[in-house]
Each structure stands twice: as C-alpha cells, then as structure tokens.
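Reading through the structure tokens given below for one structure.
Worth saying up front: this structure is predicted, and the values here are computed from it rather than measured. First listed ligand is number 1; within each ligand, the first listed atom is number 1.
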Amino acid sequence: MADATPLDDLKQLEGQALTQLQQCADEAALRAWNTQYFGDKGVMKTAMSNLAKIPKDQKPAYGAELNRIKAAITAAYEAALADAKEKALQVSLTTNPLDVTLPGRAPARGRLHPATQILRQIYSIFADLGFQVYRTREVETDELNFEFLNMPAHHPARDMWDTFFTTTPGVVLRTHTSPGQIHVMREAAGKPVRVILPGMCYRNEAISTRSEIQFYQVEGLVVGEGVTMADLKGTITAFARRMFGPERQVRIRSSYFPFTEPSIEVDIDWPKDDPNRDRLTKGTGWLEILGAGMVHPNVLRAGGYDPEKVTGFAFGMGPQRMLMLKHAIDDIRLFWQNDLRFLKQF
Ligand code: DAH
C-alpha cells in the first residue's frame, strides 16, 4: 500500500472532524470541539503550518483542499450549534414552562353587576335625601307579606301577587319588599322613620322577556307627624330628576294598593328625541317607575303607630326596570343569565 499523501491526511482530518462534531451532545461540547479545531493550538492551525513542509508542486492543491475543508467543517459546526441551541430551548420550554421573561397575564377584572350598580345609584340619591338603608328577610310569613299590609286571607287583592309558597304552612317567598315596612316600624317603635328597603322579591310568573321569577325592588317608607302627599310628590320628583336627568316631568296617576290610601302610580316622560322612546313607553311617551301612596291606617297600626298621631307615605320601585329603560334593554331575562357579553357592557 502506498504511503498516505498529505491530501489523504487532510481527507482523514475532515472525516474525523465531522465524526467528532456529530458526537457532541450539547453546546458546551460543540464549543470545545471548536477550540480543538480552530483554537490557537488547534488542528487546523497545525494543518496550516504543515503547508511549509509540503513539496512545492503539491502546495496549491493542499492549500485549496485545506480551505475547502475549513469552510465545510465551519459550516457543519455552525449548523450543529444552531441545532443544539434550538434543542436546548425546546427542552427548557417543555421541562420548565415558566418563562419569567414573558409579560404576565392580566388577572380578569371583575365589575359590579348592572343591577347592583343601579341599586347603588338609588341608595346614593336617597342617602342625599336623608334616607337610611334597611334590609329585611326574603322569606316571610303570610301575615307580613299580606295580612299586616291590609290583605286578610282570601282578600282578592292577593291575586296581584303570584306567590311562591314554601312547604311550611304560612311561610312564603316575599312577593314584594312592602312587608319590610312592618319590620321597620316595629323596630323604630314609634320614632319617625325615613328608610329605603332594597331587596330581592319572588313571584311565581311564567318567565318571559317581561317577567322573571326574581327581581329587585326598592321600597321606601316615611312615617312621622304631618307627613303629607306633597312630601311624597316632592321626594319622588327629586328622585326622578336625579335618576333620569334634570328635565324630567313627573306624572302622577291615581291607583289602587291595599296598603296605601290614596294610592298612586308615578310615570316620568321619556325624552322626545330618544329613538327608543316609542318602544320603551309603548307609544305613550310616559313610563311607569313606581307605585306609592299614603300608608293605610291599618298598616300604621300593624307597625305599632297611631294613625291619629302620625301619617306616612310609602313607595315601591323596580330598579331593574329603570335600568332597562335607561339602556333600552328589551329582555329582563338578561339580568340573571350571567352572560358576560351582556354584563361587560356596564
Ligand atoms: N308592593 C307593591 C308591588 O309590589 C309596590 C308598592 C306600591 C309599594 C305602593 C308601596 C306602595 O310601598 O305604597 O307591586
């Protein structure tokens, strides 16, 4: 076998370099390989210095081959290095998915439910008018829900409220916040009263775009010496102006409730330039916001007050209704469906 030529040596060097490169497991090994071949005392330097010992006629071929090998293994090295970096990244992403350099995920910010928002607006308006907020229970006795409100058993006016009865005889889900009037009067025990009573009410209704089985009411009660219908009108008018805007007109119609005498219903006019006016007011231009009246003597008595000495007015309003009217919401079921597309608009 003929002696290996310098070119054969170069070929062998290339093969060995590429084999070793392939065996490098990671970036550190690759960098060590690079030092071994291209460092100051590296294999390529030695091969270069060998050029001096090569017979003159073979020098050009040797030099050209050396350059080709240098370029080839450099390219292979760079590809392997990029590959190793990519692999290391993938490994770090899968074994430790926490990337502290990514911007954090913003926590989902909650907001108040629109029904809560309108309730709070109502509280703040009545707070300015000197009313306290008083809460009473949602499960009531028949006595409080009806009887003390001047509706004895079998009174036909009970039909105005489709009632949920519980399995306990004489216990119902309150159909309105009015029984709170009795609670407040009994607790105030003869002292003047000026409160609102917000809370959930329940009615055994067929659920539709207009009626729900549960909804909020805000009751109001003022009792004291010399309280008159003029006070009721003034209070309601002030409220309507604050809630719906300063230009509002308030219309008072006579009505009937067993627990007030006289009884009224209150409408406000809807802005003439509002495109939803006809739809919201069913073409009348007026919109009912509450029922009210002068507290019936029997109710005052049930609360422990002497109707010869004091008088009072009361009202009951539907805050969700006001919200529907303010925003032209045409389906009352949206309130408790918990659909974020609806809730996020408020
Ligand atoms: N409780 C009545 C209802 O649910 C509303 C109401 C009317 C409340 C007149 C009152 C009132 O306090 O005076 O329909």
Exercise. Are Thr136 and Arg174 linked by a side-chain donor-acceptor pair shorter than 3.5 Å?
Worked result: yes
Problem set entry | Geometric class of the Phe239/Phe126 ring pair [parallel <30°, tilted 30-60°, perpendicular >60°] | parallel
Problem set entry | Test side chain to side chain contact (heavy atoms under 4.5 Å, CB included) applied to Ala47 - qualifying residues, sequence neighbours left out | Leu10, Leu13, Tyr62, Leu66
For ligand 1, run through the N/O pairs with the protein that fall under 3.5 Å and put one pair on each line.
unit_1   : atom_1 : unit_2 : atom_2 : d
ligand 1 : 1 (N)  : His176 : ND1    : 2.9
ligand 1 : 1 (N)  : Ser178 : OG     : 2.9
ligand 1 : 4 (O)  : Trp161 : NE1    : 3.3
ligand 1 : 4 (O)  : Arg203 : NH2    : 2.8
ligand 1 : 4 (O)  : Gln217 : NE2    : 2.9
ligand 1 : 12 (O) : Gln181 : NE2    : 3.1
ligand 1 : 12 (O) : Glu219 : OE2    : 2.6
ligand 1 : 12 (O) : Phe315 : N      : 3.4
ligand 1 : 12 (O) : Phe315 : O      : 3.4
ligand 1 : 13 (O) : Ala314 : O      : 3.2

Seminar exercise, completed: Which of Phe257, Phe259, Phe215, Tyr202 passes ring pair (Phe, Tyr, Trp, His ring centres under 6.0 Å) with His176? Answer is Phe259
Exercise. Who else is in Leu89's hydrophobic cluster (ILVMFWY, side-chain heavy atoms under 4.5 Å, direct or via others)?
Worked result: Leu93
Validation: residues 285-293 side-chain donor-acceptor distances under 3.5 Å, sequence neighbours left out:
none

